[in-house]
There are 2 protein chains.
Amino acid sequence: MKTPSSLEDLIGALRCLPGVGPKSAQRMAYHLLQRDRQGALHLSHSLRHAVESVKHCSKCNNFSEEDICPLCSSARRETDQLCVVEMPADLLMMEQAQCFRGMYFVLMGRLSPLDGLGARELPLDRLVKRARELACEVILATNFTVEGEATAHYIATLLRSQGIRVSRIARGLPVGGELEHVDSGTLAQAVFERRAITE
Amino acid sequence: MKTPSSLEDLIGALRCLPGVGPKSAQRMAYHLLQRDRQGALHLSHSLRHAVESVKHCSKCNNFSEEDICPLCSSARRETDQLCVVEMPADLLMMEQAQCFRGMYFVLMGRLSPLDGLGARELPLDRLVKRARELACEVILATNFTVEGEATAHYIATLLRSQGIRVSRIARGLPVGGELEHVDSGTLAQAVFERRAITE
């Protein structure tokens, strides 16, 4: 008894998706062939179309279908601040918060030695070039994970050595947060990074 | 700030995969475009190829690229037993166990009212036809879940009303199982379905 080769091949191909092992891949392939062939064809087309259309913005490195993305080419953005984020989803969150009107740079990753991602795998040359071009303050908005912190530290050292002003978004209690329910690490940082009240 | 439309479309299309919500779909799309464009193209091709090539065997209803699958057309299989399983993966397990040399019928599902799968969604007409054609014993090897049990019960009633002999695979302790570590439901069934020792 053999599984048809095209089904075998599909199960193998589905494993390129992150977090999908052999059992999930099999379940997905069965589901698509049994219940959603239309969806499978749509997915096939979308994959090809996205691979062919999506490239990186030459300024902010975000995914874009144009050489320069709409945000970077917008005349309504301020150019005195450059915000560095790890992933496009982080940029979307920043935009949703409506707290920032400057430019962005998307790293498309973070320093992560365990995943084989070192400084060479991040587009740091282009970040430095962009920061010098704008001659502005760089705001590091990488995550407050171990990897995000290491990335921020590395980039800060790199940029400061070039005479570029660097800042880091603040750590502390979330808005609406209660001391009773916050973790002790966050509380300790909030005390350590307390701000003077000057009126 | 807008996500490129082809990327947006890919994120939407990935949600046809079972168990993939908006966050996972986004993560998958980013991963493919950022780290594995080759894999994405391969997946695109495999999806289309599988949808075009894979159909159902007209005898056993398993996935097959031919009208009658290699197992059903094999001269080396016995035709006095027909084993009913839920999914192709179950058939593979049966074959690996090398305990059965007869024919199969794959339901491609189970009775599952919560998922909108009733008796009408299962190919029961074809199962009855196939069982009458072979005029053989039907062995029900659906899972011992609530849904699998309900399916077995329904099919047994249906086939017996047509004068077809029906049996169910045995429940009990697994080989190598210890009473101390087995769940009480399984142990109770093993006692209830005990076999006389005749020698």
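Within every chain, numbering begins at 1; the chains are lettered A, B, ... in the order of the sequence lines, protein sequences first and strands thereafter. Here the structure is a predicted model, which means the values were calculated and not measured.
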Check: residues 4-20 of chain B side-chain donor-acceptor pairs under 3.5 Å, at least two apart:
residue	atom	partner	partner atom	Å
B:Ser6	OG	A:Glu65	OE2	2.4
B:Asp9	OD1	A:His42	NE2	3.2
B:Asp9	OD2	A:Ser46	OG	2.8

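Salt bridge annotation for A:Glu95-A:Arg101: absent, with no cationic side-chain nitrogen under 4.0 angstrom from a carboxylate oxygen.
Of the listed residues A:Pro88, A:Ala40, A:Gly109, the one with more heavy-atom pairs under 4.5 angstrom with chain B than any other is A:Pro88. Note: A:Arg35 leads A:Gln38, A:Lys55, A:Arg35 in heavy-atom pairs under 4.5 Å with chain B. In terms of heavy-atom pairs under 4.5 angstrom with chain A, the leader among B:His49, B:Arg27, B:Gln34 is B:Gln34.
By the 6.0 Å and 45° rule, A:Arg77 does not stack over the aromatic ring of A:Tyr104.
Contact annotation for B:Gln26: only side-chain heavy atoms (C-beta onward) come within less than 4.5 Å of a heavy atom of chain A.
Exactly one residue among A:Asp90, A:Val85, A:Val84 makes a side-chain contact (heavy atoms from CB on, under 4.5 Å) with A:Leu107. That residue is A:Val84.
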